[in-house]
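See below for the structure under consideration.
Just so you know, these numbers use all the heavy atoms, side chains as well, and skip hydrogens, waters and symmetry mates. Each chain gets a letter, A, B and so on, in the order the sequences are listed, and its residues count up from 1. Source: prediction; values computed, not measured.
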Number of protein chains: 2
Amino acid sequence: MNQLLRNNIARHVSLSEDQLQQFHDLFEPRLFKKKSYFLSEGQICAHEGFVLKGLFRVYHVDANGVEQVLYFAPEDWWIADIDSFSNQKPSNLFIEALEDSEVLVISRKNKDLAYEHFPAIEKLFRIMTQKTHVALQRRMIDNLSKTADKRYQDFLAKYPDLYNRLSNRQIAAYLGISHEFLSKIRNKLAKEK
Amino acid sequence: MNQLLRNNIARHVSLSEDQLQQFHDLFEPRLFKKKSYFLSEGQICAHEGFVLKGLFRVYHVDANGVEQVLYFAPEDWWIADIDSFSNQKPSNLFIEALEDSEVLVISRKNKDLAYEHFPAIEKLFRIMTQKTHVALQRRMIDNLSKTADKRYQDFLAKYPDLYNRLSNRQIAAYLGISHEFLSKIRNKLAKEK
DNA sequence: GAAAAACATTGAACAAGTTCAACAAACGCA
DNA sequence: TGCGTTTGTTGAACTTGTTCAATGTTTTTC
């Protein structure tokens, strides 16, 4: 049983050692090289993944070819296009490895098995989805009410470890601004110090 | 058993008539006059509500006093501050009735009872939270990639019934723009026709 | 270790959206 | 019916952020 996954689960629900092991056995490990894709637009998301090592970006490409990053997923995060995975329909998202990564993946069929046999797993994913939803609501509010400058500083404060692992272009795509403008913000902030 | 609630549930999971009735019995009806609050900032969200009639707005007020609308909840929608309700902590949202409204409310205690006794209810709320999360992701992407003009037109197309029930100020707060700018957009669109 | 590709910076012109102020229209209510 | 409050409109000046193009720097890749 993987420790990172065990702790991730234990943070939300309590499961017996036996159930944890059975749930764990429904996953299989998989490696993703940097720049390879966990999921591409048009594909049906066949697996949900738990990141053991590495870093992914989950993003959308709009009609003009501009990328919007929904979130970054380093170690201890889950990756999937929920809509595509749940409803078995083509995804409109990309999930790309930004570093060589290790992931525990579970298929749709095995996840349904888990839901069927372990009510606590159903609860686990209800609670996790609620938390990510609350976080997204907060981000929505921030995007509507704060300036890019402030959002950048908040991002640095919230994800200090990611700062060194991401290019400024990626951060700009997360903040919803052009990378040139982010460069100007950085310049301005540097001068202020 | 209320028909609207029955259909809302049946859209996501299947429950026996008996279970539906037992779940339904955990709710109590409540009336909200126009301009009264289902929830105010600082309060702990004690109930989750299912709107039978009327219309609510769920919004946040930022440091400058500017309101950001997270969503509007007409008939057949659920209202709550998930974060406050789940974790019993003070809310930072307001939920206000924009029309005289009727709501079925369920307390935190009764909802826990439902989760405990009916696994299908746990599944129901997992699925509903997933759907609202997917919808919010889409809105996030739209806000990052589309112009206010386009977002306004999308809003009208998506919620044609709400258009007549909301002031332009409310719609502007949902779109994340000033009401003056919305007025200019409307003027421009009217001229184009 | 060199060439190519991706990334970061800067400036100038531009577009999108805000703010403030003034006024008109509609609504709620006594 | 009328009076006060909220809502909608418009214009001018302003701020925030974009686009494009040029230049230098760092990373990849073979």
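- Protein atom CD of B:Glu67 is 12 Å distant from nucleotide atom P of D:dT6, rounded to whole Å.
- Here the C1' atom of nucleotide D:dT19 and the CG atom of A:Leu182 are 16 Å apart, to the nearest Å.
- Across all strands, B:Lys146 comes closer than 4.0 Å to no nucleic acid atom at all (heavy-atom distances).
- In this structure, B:Phe125 and B:Trp78 have side chains that are in contact, with non-hydrogen atoms separated by less than 4.5 Å.
- What separates CG of B:Leu144 from P of C:dA16 is a distance of 17 Å, to the nearest Å.
- One interatomic measurement links the two molecules: CG of B:Asn187 to C1' of C:dA24, which rounds to 15 Å at whole-angstrom precision.
- A straight line from CG of B:Asn143 to C1' of C:dG17 spans 13 Å, rounded to a whole angstrom.
- Atom CD1 in B:Ile185 sits about 14 Å away from atom C1' in D:dT9, given to the nearest Å.
- The base of D:dT27 does not come close enough to the side chain of A:Lys35 for any donor and acceptor atom to sit less than 3.5 Å apart.
- Both the sub-6.0 Å distance and the 45° axial angle are satisfied by B:Arg139 relative to the ring of B:Tyr174.
- If you check every strand for non-hydrogen atoms under 4.0 Å, B:Asp149 touches nothing.
- Within residues 170-180 of chain A, the residues having any heavy atom closer than 4.0 Å to DNA chain D are, in order of number, A:Gly176, A:Ile177, A:Ser178, A:Glu180.
- Here A:Lys150 lies out of heavy-atom contact (under 4.0 Å) with every strand.
- When each of A:Lys53, A:Lys35, A:Arg165 is paired with A:Glu99, the salt bridge (Lys or Arg N to Asp or Glu O under 4.0 Å) condition holds for A:Arg165 and for no other.
- For the pair B:Phe56/B:Phe32, a side-chain contact is recorded, criterion being any heavy-atom separation below 4.5 Å from C-beta on.
- Environment of OH in B:Tyr163: sparse, with no more than 12 heavy atoms of neighbouring residues, nucleotides or ligands closer than 6.0 Å.
- Using a 4.0 Å heavy-atom distance criterion, B:Ser183 is classed as a base contact.
- The shortest side-chain heavy-atom distance between B:Glu75 and B:Leu52 does not fall under the 4.5 Å cut-off.
- Taking atom NZ of A:Lys191 as the reference point, atom C1' of C:dT10 lies 10 Å away to the nearest angstrom.
- Listed pair A:Arg186 / C:dT9 meets the phosphate criterion, a side-chain N or O lying under 4.0 Å from OP1 or OP2.
- Mapped onto DNA chain C by nearest heavy atom, B:Phe181 and B:Lys34 fall at different nucleotides, with B:Phe181 at the one closer to the 5' end.
- Checking the phosphate oxygens (OP1, OP2) of C:dT9, a side-chain nitrogen or oxygen of A:Asn168 falls inside 4.0 Å.
- OP1 or OP2 of C:dG17 lies within a sub-4.0 Å distance of a side-chain N or O belonging to B:Thr147.
- Taking each heavy atom of B:Gly54 and B:Ser101 in turn, the nearest pair found is CA-OG, 3.3 Å.
- As rounded to whole Å, 16 Å separates atom C1' of D:dT28 from atom CG of A:Leu98.
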